[in-house]
Each structure stands twice: as structure tokens, then as C-alpha cells.
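Questions regarding the structure given below will be posed in turn.
Sequence lines set the chain letters: A, B, ... in the order given, protein chains first and strands last, and positions in each chain run from 1.
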Protein chains: 2
Amino acid sequence: MYTLTEENYLKAIYKLSVHTGNVSTNQIAALLATKASSVTDMLRKLADKLLINYTRYQGVSLTQTGEKVAVNIIRRHRLWEYFLVEKLNFKWDEVHDMAEEMEHISSTELIDRLDEFMGFPARDPHGDPIPDCNGNFKINDLKPVSAIPVHSGGIISGVRDHSSAFLQYLEKQELTIGKKITVKEIISYDNAVVLQMGNKNLHISRDVANNLLIAL
Amino acid sequence: MYTLTEENYLKAIYKLSVHTGNVSTNQIAALLATKASSVTDMLRKLADKLLINYTRYQGVSLTQTGEKVAVNIIRRHRLWEYFLVEKLNFKWDEVHDMAEEMEHISSTELIDRLDEFMGFPARDPHGDPIPDCNGNFKINDLKPVSAIPVHSGGIISGVRDHSSAFLQYLEKQELTIGKKITVKEIISYDNAVVLQMGNKNLHISRDVANNLLIAL
DNA sequence: TAAGTTTTTTAGACTTGTCTAAAAATACAA
DNA sequence: TTGTATTTTTAGACAAGTCTAAAAAACTTA
Ligand SMILES: [Mn+2]
Ligand SMILES: [Mn+2]
Ligand SMILES: [Mn+2]
Ligand SMILES: [Mn+2]
């Protein structure tokens, strides 16, 4: 239906427009590691196909059709990531690049059966919600560790940074999805955070605290 | 490593060279539903990359590297077909087109783990052998029903025609992989074949008999 | 508001893979 | 062996997606 490239642009625009309103040419170029001029060319094409709302120099947003396509790509990506971790025993830091390829396999029937095969999982290995076959999903209402007060805590439920380096670090510290943590202290000098997990105390930097998401 | 198009050409050349020696430009064009001139262009490219032996007007054969790549694509294709049938409950006539896309997912680690996950299956849903991770597999030594003498028989073990229409016909007649059949009679008028399967007798046309493969 | 800076778009070129039409090589047959 | 038919290759063009360089628009900021 849509080319691999079109799908990647739609997904990029979707991701960028979750937090902001209109998305700029340069933002898309940065995310896709391409040049602004290439983006402009593609934007014209996507606008012609009624997948985005685009007026020159004004930035873009997805149309309803465009958003449906984007959510579907994300559904495919996250289901494959779940498959790779739960069925093929990959680690959570190993699956993103494979899923980047697999998300373009086009059969809807295939993805729906994969979903069923795995028992309709609600979240991918990184805690992100998996849209159902109608594109519906609950947006995660999570807070970074850095934003919760001392003496309170919650369950580790997601990450903001999806890089291998970060995921591997968390794995090593056993700061994985589902673990319960409490903020014991915030070091005023560098805003590092001291966590309690079980009967252990754990130091994490401000940077890590910003990228580790908690359900209260 | 190789583009989707290159992979498809290599697979086509491999399939065509199993039965003949050198493969002609027109044969490849027919199999890939493209034009001879496009094939010539690609042949030059594949020869530059040392994947095929090619002299103009002389036809082509795969180099050792080319054959390794081709066998690997076939491994991927057949493992995904097995997955679709055994894990996602697709029928054997529904999986080819999906596997055509999935065979291009590049990760070797992924395919090896998929293989392990499914218990290292020896054959795909159509009875074709699945190469192992080193590219080794036994070539099926099967005979079409039309080539075996009256009163002998064997186990249905493969098909020559992989079309949906043929596979669906076989399914309906319960002429599926693993069933034991005996040739009861050959009608001299049109060479149709009467089979015995269990306690039932079954008429099949010459055409069907040519495309249904038996292990003796 | 008038520069100056940044962002975005246009212009023109390149790559991959495709096509049609025409030329060259090969195969076949009288 | 000579002429015809077939196969294969070349020549030139096109679409998708990308790039660099330059122009145009929008934003800053004094
Ligand atoms: Mn991912
Ligand atoms: Mn994920
Ligand atoms: Mn197949
Ligand atoms: Mn098969």
C-alpha cells in the first residue's frame, strides 16, 4: 500500500507530533538522518496522497488517514519486538533494529494472528503500549524518576531513552520493567537520586532519572 | 548486505539452475515477471559483485558466494512458511506471499533463533527441505504420482505446483503431506490415475498426478 | 523596521531499478 | 551456407528517493 520510505516518514511525523503540534522539516530530517531538501520532496508526495496537512513553510501534521497508517506501523513494530523478546529470547536492547525491518511486512492478517498467538500483549518490552487491531491504545501516564518527590515511589514502567547503551545499563542495575522502587534522597549537589529497591540502595545520575519512567 | 531486488534475482537464478545448467536471460525475466533488458542490467551488476558467472549471450550460473546467498534466502523463506502454518495456523496455500516479504529480513541471529524456537524443522509446509544454518539440506528424492507403476504407492511428500489453486484442491481431496496412497489403475484413455487412500478410491487427472510428489 | 540569521524550498544532478525501441549476436532451417 | 527467427544486449528515458548548492521565506534582535 505505502512504500517503506513513506511508512518511515509517517512514523517519524507521528512520533514528533505526539509532544508538539506541527512538525518542522528540520525535525523530520534529524530524526530520519536525512537532509531537509529530501524531506520537503517527500512532504509534497505525502500531501498529494492526503496523508499529511502541509503548507509550505508551515510545518506538517498527519491527517486522520496518515495517523491511522502511522499507528498501525507502531503496532507492528511493538508486536514484533514483543515476539522477539518473549518467543525468541532476545534481550530488550537487541530488538529495535530487527523490528525496524519487520514493521514493514504488510499483511494485516499476519499481524492480527501474531497478536493472538502472543495473547494480545498490552505493552512492548520497553513498556510502550501496543495499539489493538483498531488502533486503540492507552497513552502511558508515566513520570520520570526525577519528577517524583522524596519518600514516594512506584513501579518501573517505561523508558524515555531507547538506546542500547541505556537499556543495557538498566539491565545491569536490575532496573527493569515491573520493579518497585522508592526515592530515598536527592543529592542536592548534582541532583543524583538515591533509590531503594528491595533492601538495596542504588545511586542513579540525574540523566538516568530523567529517562526512567515510573507508574505511581 | 544485498538489496531486496538482488536477493530476488539470486533466488530466481538458483531455482532455475537446479534443473538445468546455465540459465538464460529470458528464463529469469519470465520468472520475475520483468523484461529481458532489465535482467541484463542486473546480471552485469551481480557479475561485478562476483555473485554470478556471466559472459554476454552465454547465460549465467551462480558463484559459490551467490549460491550461499540464494540458499540462505530459501532457508528464510521456508522457515517463515513453517512458522506461519505451525504457529499462526495459516493454511499451506496462504503463506507463500507473506514469506516472499519476510525472507528479506536480514538478521541471521533472528532466523537461527526462529529455527531453534520451532525445533529445527526439516521441511516446510509444502514438503520442501529447509537448509540448516550452514546451508546444508537433503535434496528431496521424490517421484510424481504419474511416474510410479500400478499397484505400487508411497507417502505424499511434496508438490511441484505451489499455486493456491492446486494446494486448495489437494486440501479438499485430503491429499496432504504424509498421507499414504497406492496407484490402483491408470485410465488409458486420458492417463487419469485412480488412487487408493485408506479405504477410499480417488480419481485424479494426469495434470494433478504430474504435480503430486511421492516418497516411495 | 532593517539587518542578519536560520529554516525551508527549489534547481539540478545522481543512483537504483525499470521500461521501450532498436541493434547485435546467436540459433535454426532451407 | 545463407537467410530468417529468436534471444540478448544497448541506448535512451523515466520514477523514486537522495544529495549539494543556491534562492526564498520566516524569524530574531537590536
Ligand atoms: Mn523499537
Ligand atoms: Mn519498543
Ligand atoms: Mn513459498
Ligand atoms: Mn514452500
- Query: Over how many whole Å does the gap from Leu32(B) atom CG to dT16(C) atom P extend?
  - Reply: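 The distance from CG of Leu32(B) to P of dT16(C) comes to 19 Å, rounded to the nearest Å.
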
- When the distance from NZ of Lys35(A) to C1' of dA13(C) is rounded to whole Å, what number comes out?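 Taking NZ of Lys35(A) and C1' of dA13(C), I get 15 Å after rounding.
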
- Message: Rounded to whole Å, please give me the gap between CE in Met42(B) and C1' in dT9(D).
- Response: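 Met42(B) atom CE is separated from dT9(D) atom C1' by 16 Å.
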
- Within the pair Tyr9(B) and dT18(C), is there a side-chain N or O less than 4.0 Å away from OP1 or OP2?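 For dT18(C), OP1 or OP2 has a side-chain N or O of Tyr9(B) closer than 4.0 Å.
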
- Item | Under 4.0 angstrom between Asn26(B) side-chain N/O and dT8(D) OP1 or OP2 |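 Checking dT8(D) against Asn26(B), a side-chain N or O does come within under 4.0 Å of OP1 or OP2.
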
- Message: Reading DNA chain D from 5' onward, which residue's closest nucleotide shows up sooner: Thr5(A) or Tyr57(A)?
- Response: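 With Thr5(A) and Tyr57(A) compared, the 5'-side residue is Thr5(A).
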
- Item | Separation of atom CD1 in Ile52(B) from atom P in dT8(D), rounded to whole Å |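 Taking CD1 of Ile52(B) and P of dT8(D), I get 13 Å after rounding.
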
- Message: Parallel, tilted or perpendicular, judged at 30° and 60°: which one describes the rings of Tyr169(B) and Phe166(B)?
- Response: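 Correct class here is parallel.
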
- Quick check: does any side chain N or O of Gln27(A) sit under 3.5 Å from a backbone N or O of Ser24(A), one acting as donor and the other as acceptor?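 Answer holds: yes.
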
- Message: How long is the straight-line distance from CE of Met42(A) back to CG of Leu46(A), given to the nearest 0.5 Å?
- Response: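 Here the interatomic distance stands at 5.5 Å.
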
- Just checking Thr40(A): base, sugar-phosphate only, or nothing, at a heavy-atom cut-off of under 4.0 Å?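 Touches a base.
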
- So, Trp80(A) versus Glu103(A): side-chain donor-acceptor pair below 3.5 Å or not?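 Trp80(A) vs Glu103(A): no donor-acceptor pair found between side chains.
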
- Given atom CD1 of Ile28(B) and atom C1' of dT8(D), what is their separation to the nearest angstrom?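 Checked: the CD1 to C1' distance equals 12 Å.
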
- Query: Can you say whether the rings of His77(A) and His96(A) are parallel (under 30°), tilted (30 to 60°) or perpendicular (over 60°)?
  - Reply: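 It falls in the tilted class, 30° to 60°.
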
- Item | Nearest to side-chain heavy atoms of Asp41(A), which nucleotide of dA26(D), dT18(D), dT9(D) |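 Closest nucleotide to the Asp41(A) side chain: dT18(D).
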
- Message: For a quick check of understanding: with a heavy-atom distance under 4.0 Å over all strands, which category does Ser37(A) fall into, base, sugar-phosphate or nothing?
- Response: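 Base contact.
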
- Query: Quick one: is dT10(D) close enough that its OP1 or OP2 comes under 4.0 Å of any side-chain N or O from Arg44(B)?
  - Reply: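 Result: yes.
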
- Integer-rounded Å distance: dT10(D) C1' and Leu43(B) CG: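 For the pair Leu43(B) CG and dT10(D) C1', the rounded distance is 14 Å.
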
- Using whole Å, report how far CG of Leu4(A) lies from P of dA15(D).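 Those two atoms, CG and P, are 21 Å apart.
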
- Indicate whether OP1 or OP2 belonging to dT7(D) is found under 4.0 Å from a side-chain N or O atom of Ser24(B).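 The answer is no; no side-chain N or O of Ser24(B) sits under 4.0 Å from OP1 or OP2.
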
- If only side-chain N and O atoms of Arg56(B) are considered, is one of them under 4.0 Å from the OP1 or OP2 phosphate oxygen of dT7(D)?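 Negative; the distance criterion is not met.
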
- Message: Output the rounded distance in Å from CG (Leu46(B)) to C1' (dT9(D)).
- Response: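 It works out to 16 Å between those atoms.
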
- Item | Phosphate-side-chain proximity, Ser38(A) and dT18(D), N/O vs OP1/OP2 below 4.0 Å |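 For dT18(D), OP1/OP2 do not have a side-chain N/O of Ser38(A) under 4.0 Å.
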
